[in-house]
Amino acid sequence: MLFQIDFKAGKPVYLQLVDQVRYAAASGRLRADEPLPSIRPLAEELRVNRNTIAKAYAELEKQGIIETFPGRGSFLKENNTPFSNTMREKLLLTEIDEAVVTAHHLQVDREKFLEMVKERLDYFERKSTSFSEDNLSKTTPRRTE
């Protein structure tokens with residue numbers, strides 16, 4: 001199963017799904033032009049209302065992460081964001097502010113917080129690189145001599 005929902009998380013289910021799609025895209029588990037699961041089967045698999053999945057997909061489309069084609073489904077978009085540099089920075093700053101506030105409330109000091117951010121950046125970079133290498137080895141014909 002690609003997605004998992006935690007009903008006790010205190011976070012709306014559709015936002016959990018949005019975050020998971022974003023993380024899957026960042027880590028390379030989902031690739032550009034790769035289809036997302038159809039709404040009905042995913043709703044049944046996760047045991048949530050179809051409208052919840054539709055709401056998550058609508059939010060992802062609004063953020064420019066996926067695009068939907070009638071009759072074909074929803075697909076992860078190429079990394080060409082529709083947002084200007086200023087808008088992207090503003091969106092990212094909102095996310096960073098949330099993380100900083102959370103770190104403050106959890107009493108994580110500045111150095112530890114920055115160390116954790118660097119570790120996560122490295123983690124996603126490694127996952128993305130290893131996924132790309134795995135896909136390349138699967139699609140590149142091997143020479144036998």
Side-chain angles (χ1 to χ4, degrees), residues 1-140:
M1 180 185 315
L2 186 59
F3 305 112
Q4 296 181 348
I5 301 301
D6 181 359
F7 294 101
K8 298 177 184 176
K11 186 173 195 173
V13 170
Y14 86 98
L15 289 178
Q16 290 182 47
L17 188 57
V18 167
D19 287 346
Q20 289 181 41
V21 170
R22 290 170 54 197
Y23 293 139
S27 69
R29 282 191 312 149
L30 280 177
R31 305 306 267 169
D33 298 323
E34 187 173 335
L36 279 97
S38 298
I39 291 174
R40 181 175 287 143
L42 183 58
E44 289 172 3
E45 184 178 336
L46 296 176
R47 296 187 175 153
V48 298
N49 190 299
R50 288 180 301 191
N51 292 335
T52 302
I53 305 299
K55 187 174 183 179
Y57 283 14
E59 180 63 26
L60 287 162
E61 193 159 18
K62 180 178 139 192
Q63 292 179 13
I65 297 168
I66 67 170
E67 54 190 338
T68 302
F69 301 99
R72 286 187 39 217
S74 298
F75 297 81
L76 190 63
K77 281 179 88 168
E78 193 63 47
N79 226 359
N80 301 328
T81 177
F83 300 117
S84 66
N85 284 344
T86 305
M87 186 58 162
R88 285 192 312 227
E89 287 177 11
K90 188 175 181 179
L91 289 168
L92 185 57
L93 282 175
T94 300
E95 297 291 328
I96 292 170
D97 288 350
E98 185 176 322
V100 168
V101 168
T102 300
H104 174 74
H105 286 293
L106 296 174
Q107 299 176 348
V108 176
D109 66 42
R110 177 188 184 99
E111 289 75 26
K112 180 64 178 171
F113 177 75
L114 292 174
E115 177 186 325
M116 292 172 74
V117 169
K118 288 176 185 175
E119 285 174 5
R120 297 312 291 169
L121 287 168
D122 292 344
Y123 169 79
F124 280 110
E125 187 174 302
R126 279 191 312 273
K127 274 195 98 154
S128 182
T129 302
S130 73
F131 186 85
S132 296
E133 289 170 358
D134 287 348
N135 275 355
L136 184 61
S137 68
K138 289 177 186 173
T139 58
T140 305

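- Taking 4.5 Å as the limit, some side-chain heavy atom of Tyr57 sits within range of a side-chain heavy atom of Pro37.
- Among residue pairs with one or both ends in residues 114-123, those qualifying as side chain to side chain donor-acceptor pair (under 3.5 Å) are Tyr123-Lys127; sequence neighbours excluded.
- For residues 47-58, no residue pair satisfies the salt bridge (Lys or Arg N to Asp or Glu O under 4.0 Å) rule, not counting sequence neighbours.
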Could you walk me through whether Leu42 and Phe3 pass the side chain to side chain contact (heavy atoms under 4.5 Å, CB included) check? CA-CA 9 Å; Leu42 183 58; Phe3 305 112; 4.0 Å; yes
Which pairs of donor and acceptor atoms, one on a side chain in residues 94-105, lie under 3.5 Å apart (sequence neighbours left out)?
unit_1 : atom_1 : unit_2 : atom_2 : d
Thr94  : OG1    : Lys90  : O      : 3.1
Thr102 : OG1    : Glu98  : O      : 2.9

When the side chains of residues 11-22 are checked against the rest of the protein, which donor-acceptor pairs come out under 3.5 Å, sequence neighbours left out?
unit_1 : atom_1 : unit_2 : atom_2 : d
Lys11  : NZ     : Asp19  : OD2    : 2.2
Gln16  : OE1    : Asp6   : N      : 2.9
Gln16  : NE2    : Asp6   : O      : 2.9
Gln16  : NE2    : Lys11  : O      : 2.9
Gln20  : OE1    : Gln4   : N      : 2.9
Gln20  : NE2    : Gln4   : O      : 2.4

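- Shown here are the side chain to side chain donor-acceptor pair (under 3.5 Å) partners of Thr68, two or more places apart in sequence or in another chain: Glu61, Ser74.
- Annotation: cation-pi pair Arg72/Phe75 present, NZ/CZ under 6.0 Å from the ring centroid and within 45° of its normal.
- Remark: Asn51 CG to Ile39 CD1 distance equals 9.0 Å, nearest 0.5 Å.
- Around atom OH of Tyr23, no more than 12 heavy atoms belonging to other residues, nucleotides or ligands sit under 6.0 Å away.
- Considering only residues two or more places apart in sequence or on other chains, Glu67 meets the salt bridge (charged side-chain N to carboxylate O under 4.0 Å, His left out) condition with none of them.
- The CD atom of Glu34 lies 12.5 Å from the CD1 atom of Ile66; values are rounded to the nearest 0.5 Å.
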